[in-house]
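Side-chain atoms are counted along with the backbone in the values below, which use heavy atoms only and exclude waters and symmetry mates. All values derive from a computational prediction rather than experimental measurement. The first residue in the sequence is number 1, and the count goes up from there. Just follow the structure's listing: the first ligand is 1, and inside any ligand the first atom is 1.
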Amino acid sequence: MDGNKALIAYETKGGATEEAAQKIAEILRSKYQLEVDLVDLKEQKMPDLSQYRNLVIGGGVRAGRVYDKVLKFLENDLSGKRVAFFVSSAQAGTPGSYEKAKIKFVENTLAKYPKINPVATEAFGGRIKILGKTVTDNRDMVKVEAWAEELGKKFTQ
Ligand SMILES: Cc1cc2nc3c(=O)[nH]c(=O)nc-3n(C[C@H](O)[C@H](O)[C@H](O)COP(=O)(O)O)c2cc1C
């Protein structure tokens with residue numbers, strides 16, 4: 001297991017989670033000199049997890065649920081790893097609904113995987129496109145960047 005390596009595994013349907021994952025990767029690489037691999041859980045083969053000390057797992061939320069491939073990924077044996085978890089959810093980006101969304105989509109999800117003791121969790125806003133047109137976008141990339149910095153510090157401790 002390499003303390004300098006991080007894997008960011010994500011599932012996206014509308015692209016918001018992927019863009020957050022890419023931003024996090026960029027910051028971990030450029031500011032913290034971590035070697036980062038990005039894996040789209042829908043499309044790419046899973047690399048050997050044993051090589052990573054640091055994991056970031058991210059997924060979108062639709063119909064009140066975090067995407068399935070993310071839930072499946074959380075079943076892996078992640079013992080001994082530093083795990084960070086985030087979701088992209090329109091509710092989390094709506095003023096007044098953030099706390100509820102964080103409990104429902106982050107805390108209640110992770111409660112089903114008691115072996116995971118995350119070093120950081122966050123619920124970001126999301127983006128809804130209909131027929132290619134953005135109808136809602138309450139993402140906050142400054143918040144994503146700040147969280148990536150927090151991860152960089154924790155992963156290089
Ligand atoms: C069909 C559909 C259902 C959705 N349901 C929810 C929901 O239950 N709660 C929520 O907070 N956001 C919901 N959203 C908004 C998504 O969380 C938002 O699109 C987010 O960006 C999803 O992540 P992704 O872009 O990585 O797929 C929904 C969006 C769509 C298109």
Task: Atom NZ of K31 with >12 non-hydrogen neighbours under 6.0 angstrom - done: no

Open item on the list: I'd like to check whether F105 has a polar contact with ligand 1, where a contact means an N/O of the residue lying under 3.5 Å from an N/O of the ligand.
Closed with: no

Open item on the list: Are L49 and I116 linked, directly or through intermediate hydrophobic residues, by side-chain heavy-atom contacts shorter than 4.5 Å (ILVMFWY only)?
Closed with: yes

Open item on the list: If you measure every N or O of G60 against every N or O of ligand 1, does any of those distances drop under 3.5 Å?
Closed with: no

Task: Residues E19 and K23 bridged, charged N to O under 4.0 Å - done: no

- [ ] For atom 13 (C) of ligand 1, find the nearest protein heavy atom and state the residue, atom name and distance (0.1 Å precision).
- [x] V61 O, 3.4 Å

TODO: Give yes if a backbone or side-chain nitrogen or oxygen of A16 is under 3.5 Å from a nitrogen or oxygen of ligand 1, and no if not.
DONE: yes

Open item on the list: Assigning hydrophobic clusters by single linkage (Ile, Leu, Val, Met, Phe, Trp, Tyr; side-chain heavy-atom cutoff under 4.5 Å), is W147 placed with Y98?
Closed with: no

Open item on the list: So if I count the atoms of ligand 1 from 1 in the order they appear, which ones are less than 4.0 Å from some heavy atom of Q91?
Closed with: 10 (C), 11 (O)

Task: For K13, the ligand 1 atoms whose distance to one of its heavy atoms is below 4.0 Å - done: 24 (P), 26 (O), 27 (O)

Open item on the list: Quick check against the 3.5 Å criterion: does S89 have a side-chain atom that pairs as donor or acceptor with the backbone of A92?
Closed with: yes

Task: A63 touching ligand 1 at heavy-atom level, < 4.0 angstrom - done: yes

Task: ring pair (Phe, Tyr, Trp, His ring centres under 6.0 Å) contacts in which one or both residues fall within residues 20-79, not counting sequence neighbours - done: none

Task: Which of the ligand 1 atoms, numbered from 1, are nearer than 4.0 Å to a heavy atom of G14 - done: 24 (P), 25 (O), 27 (O)

Open item on the list: Strictly below 4.0 Å, N to O, side chains only: are D137 and R139 in salt-bridge contact?
Closed with: yes

- [ ] Could you check which of A92, S88, G59 puts a non-hydrogen atom nearest to atom 20 (C) of ligand 1?
- [x] S88

Task: N or O contact, T17 vs ligand 1, cut-off under 3.5 Å - done: yes

Task: Nearest protein heavy atom with distance in Å, relative to atom 30 (C) of ligand 1 - done: R62 NE, 3.6 Å

TODO: Looking only at protein heavy atoms, identify the closest one to atom 18 (C) of ligand 1 and say how far it is in Å.
DONE: R127 O, 3.5 Å

Task: Element-labelled atoms of ligand 1 that are located less than 4.0 Å from some non-hydrogen atom of G126 - done: 20 (C), 21 (O)

- [ ] Indicate, with yes or no, if V70 and V87 share a hydrophobic cluster defined by side-chain heavy-atom contacts under 4.5 Å among Ile, Leu, Val, Met, Phe, Trp and Tyr.
- [x] yes

Open item on the list: So for Y10, does at least one of its heavy atoms come nearer than 4.0 angstrom to any atom of ligand 1?
Closed with: no

TODO: Output the list of atoms in ligand 1 that are nearer than 4.0 Å to some heavy atom of Y67, sorted by atom number.
DONE: 22 (C), 23 (O), 24 (P), 27 (O)

TODO: Evaluate the criterion side chain to side chain contact (heavy atoms under 4.5 Å, CB included) for residue pair I57 and L78; output intermediate values, then yes/no.
DONE: CA-CA 11 Å; I57 305 162; L78 305 178; 4.0 Å; yes

- [ ] Any pair with a residue in residues 100-120 that passes side chain to side chain donor-acceptor pair (under 3.5 Å), sequence neighbours left out, goes on the list, sorted by first then second residue, please.
- [x] K102-T121

Task: Minimum non-hydrogen distance to atom 11 (O) of ligand 1, winning option of A123, G93, S97, S89 - done: S89

Task: Nearest-0.5 Å distance that lies between atom CD1 in I8 and atom OG1 in T17 - done: 12.0 Å

Open item on the list: Under 4.5 Å between side-chain heavy atoms, counting indirect links through other Ile/Leu/Val/Met/Phe/Trp/Tyr residues: same cluster for V56 and V83 or not?
Closed with: no

Open item on the list: Considering both backbone and side-chain atoms of A90, is one of its nitrogen or oxygen atoms within less than 3.5 Å of a nitrogen or oxygen in ligand 1?
Closed with: yes

Open item on the list: For atom 8 (O) of ligand 1, what is the closest protein heavy atom, and at what distance to 0.1 Å?
Closed with: G64 N, 2.7 Å

Task: Where ligand 1 meets T12 - atom numbers and elements under 4.0 angstrom, heavy-atom basis - done: 24 (P), 25 (O), 26 (O), 27 (O)

Open item on the list: If the cut-off is 4.0 Å to any non-hydrogen atom of I128, which atoms of ligand 1 fall inside it?
Closed with: 15 (C), 19 (O)

